[in-house]
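Throughout, a chain's letter reflects where its sequence line sits, starting with A, and its residues are numbered from 1.
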Protein chains: 2
Amino acid sequence: MPRKPGYDRNDLINRARDLFWRQGWAGTSLKDLEAELQMKPGSFYAAFGSKDALYGLALDQYASDGAARLHALAGEHGPVEALRRFPLEVLKNPSAPARACMLSRTLLELQAHEHPLADRASDHLRGMEEQFATLFTEAQSRGEIDPTLDPKKLARKYQSDLMGLRVTAERRDVDALALASEFAETVGRT
Amino acid sequence: MPRKPGYDRNDLINRARDLFWRQGWAGTSLKDLEAELQMKPGSFYAAFGSKDALYGLALDQYASDGAARLHALAGEHGPVEALRRFPLEVLKNPSAPARACMLSRTLLELQAHEHPLADRASDHLRGMEEQFATLFTEAQSRGEIDPTLDPKKLARKYQSDLMGLRVTAERRDVDALALASEFAETVGRT
DNA sequence: TATATACTTGAGTGATCGCTCAATAAACCC
DNA sequence: GGGTTTATTGAGCGATCACTCAAGTATATA
């Protein structure tokens with residue numbers, strides 16, 4: 001009886017993610033979304049309910065994409081090499097919406113207003129951190145890094161430095177790739 | 001002949017800086033500013049011209065404050081110890097508007113729309129970086145750190161890691177001080 | 001004290017914000 | 001093909017955005 005939508009929902013979410021990632025939450029208006037997704041307001045709200053709801057979906061998509069990419073890298077190159085290559089995946093991609101991390105952007109923009117999406121971003125950051133820790137643990141059991149170090153501390157430091165790198169890479173007067181390869185060298189040491 | 005303003009202009013800029021620092025550019029409305037500065041729209045626009053103009057002044061104030069604080073630390077404790085203590089100045093202060101750096105916030109929020117304030121933030125970041133480099137150079141001539149390292153690279157890495165630290169410190173599930181002292185230990189090494 | 005010169009007030013500007021909804025069109029089952 | 005169900009359309013909602021301006025008030029000089 002029903003009528004099928006004329007769009008691919010997952011594709012819409014990915015396009016919205018890129019737009020939000022690039023322009024931020026407040027910086028992306030419904031006009032922007034309507035233009036990017038080729039949807040009129042009625043369809044948009046029938047499909048997603050609200051701008052915030054779509055942002056949440058985009059955030060989840062962003063996080064699970066990152067987790068999948070890191071997992072794939074680890075399977076192909078092992079844990080340490082995966083952690084070294086991970087930053088380059090974004091920084092080397094010229095069509096990436098932004099260098100900075102969408103999760104940290106969201107946290108910075110919405111935390112002060114105690115917006116639920118800030119907590120959602122924070123949760124995803126913790127999830128990524130746990131994935132990093134798992135890789136460090138695996139690297140230790142393989143004998144690739146110092147086994148006396150605390151994987152959780154390594155993971156937190158790795159993530160923190162990575163976010164710094166990705167913010168710095170937003171600057172136009174900075175050679176992001178040079179900074180990234182310098183970052184890669186330090187992974188596993190200290 | 002004229003009439004003196006009933007406010008201290010510098011105090012207003014400082015209060016605006018704290019509000020912008022905490023809530024961001026889009027996150028701070030003129031209503032917010034009017035309430036915080038106790039000014040009606042007419043007075044506000046007579047005094048500052050526009051929201052962007054005041055944001056620019058606040059940004060400059062933020063940058064020069066930071067530079068002055070770092071300079072004072074260096075005079076008191078020497079370059080390396082200054083660089084070690086610098087992050088704690090913000091993170092230990094419970095009344096600070098935010099943990100994250102206002103310059104990086106501004107860059108992240110406004111860069112995609114090519115807003116002039118993003119460039120202004122970027123310029124200030126470069127200025128801070130140069131100050132860091134100067135301190136590293138001084139530390140080398142004092143023999144406090146490895147003289148073969150490039151002060152500019154050290155400065156960039158220091159600033160990048162510092163920004164990461166300060167973003168991470170925004171998370172409610174993270175012990176910012178533990179991360180900061182860990183960060184302090186690494187200054188001058190590597 | 002008179003006057004010129006600012007500062008202050010606050011109602012109100014057009015534009016844009018996220019969002020609604022009644023009307024219309026299209027696709028599925030029987 | 002008829003009937004049902006859902007997707008799509010787009011004008012337009014109230015609220016808020018940054019901002020303006022004419023009128024009123026206070027202060028310094030003459």
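For the pair Met39(B) CE and dT20(D) P, the computed distance is 15 Å after rounding to whole Å. Put simply, CG on Asp52(B) is 10 Å from P on dA18(D), counting in whole angstrom units. Here dG18(C) presents its P atom at 12 Å from CG of Leu54(A), a figure rounded to the nearest Å. Atom CG in Leu37(B) sits roughly 13 Å away from atom P in dA18(D) (whole-Å rounding). Rounded to whole angstrom, the span from the CD atom of Gln23(A) across to the C1' atom of dC17(C) amounts to 15 Å. The nearest whole Å value for the distance from the CZ atom in Phe44(A) to the C1' atom in dC21(C) is 17 Å. Regarding Tyr55(A), its OH atom lies at a distance of 17 Å from the C1' atom of dC17(C), rounded to whole Å. Atoms CG (Leu33(B)) and C1' (dT16(D)) sit 15 Å apart, rounded to a whole Å.
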When you look at Ser95(B) and Asn93(B), which way does the side-chain hydrogen bond (donor to acceptor under 3.5 Å, both in side chains) test go after all the steps? CA-CA 5 Å; Ser95(B) 67; Asn93(B) 178 5; 2.8 Å; yes
For side-chain hydrogen bond (donor to acceptor under 3.5 Å, both in side chains), just list the numbers for Tyr55(A) and Thr106(A), CA-CA rounded to whole Å, side-chain angles, deciding distance to a tenth of an Å, and then say yes or no. CA-CA 10 Å; Tyr55(A) 195 101; Thr106(A) 305; 2.7 Å; yes
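Nearest to the side chain of Leu30(A), among dC17(D), dC19(C), dT8(C), sits dC19(C). When distances run from any side-chain atom of Glu34(A) to the nucleotides dC19(C), dT9(C), dC7(C), the shortest one goes to dC19(C). When distances run from any side-chain atom of Ser29(B) to the nucleotides dA18(D), dT8(C), dT8(D), the shortest one goes to dA18(D). Comparing dA18(D), dT9(D), dT8(C) against the side chain of Ala46(B) picks out dT8(C) as the nearest. Among the nucleotides dC19(D), dT8(C), dC17(D), the one closest to the side chain of Lys31(B) is dC17(D).
Nearest-nucleotide positions on DNA chain C place Trp25(A) closer to the 5' end than the other of Trp25(A) and Ser43(A). When each of Gly6(B) and Gly42(A) is assigned the nucleotide of DNA chain C bearing its nearest heavy atom, the one mapping closer to the 5' terminus is Gly6(B).
Between Ser160(A) and Val167(B), the closest side-chain pair of non-hydrogen atoms is not below 4.5 Å. Using a 4.5 Å heavy-atom threshold, the side chains of Met102(A) and Arg22(A) count as separate.
Here Pro41(A) lies in heavy-atom contact (under 4.0 Å) with a base. Residue-level contact check: Lys51(A) touches the backbone only, with heavy atoms under 4.0 Å from sugar-phosphate atoms and none from bases. No contact: Phe48(B) has no heavy atom under 4.0 Å from any strand.
Heavy atoms from other residues, nucleotides or ligands lying under 6.0 Å from NE2 of His71(A) number 12 at most.
Distances shorter than 4.0 Å separate none of the side-chain N or O atoms of Tyr45(A) from OP1 or OP2 on dT20(C).
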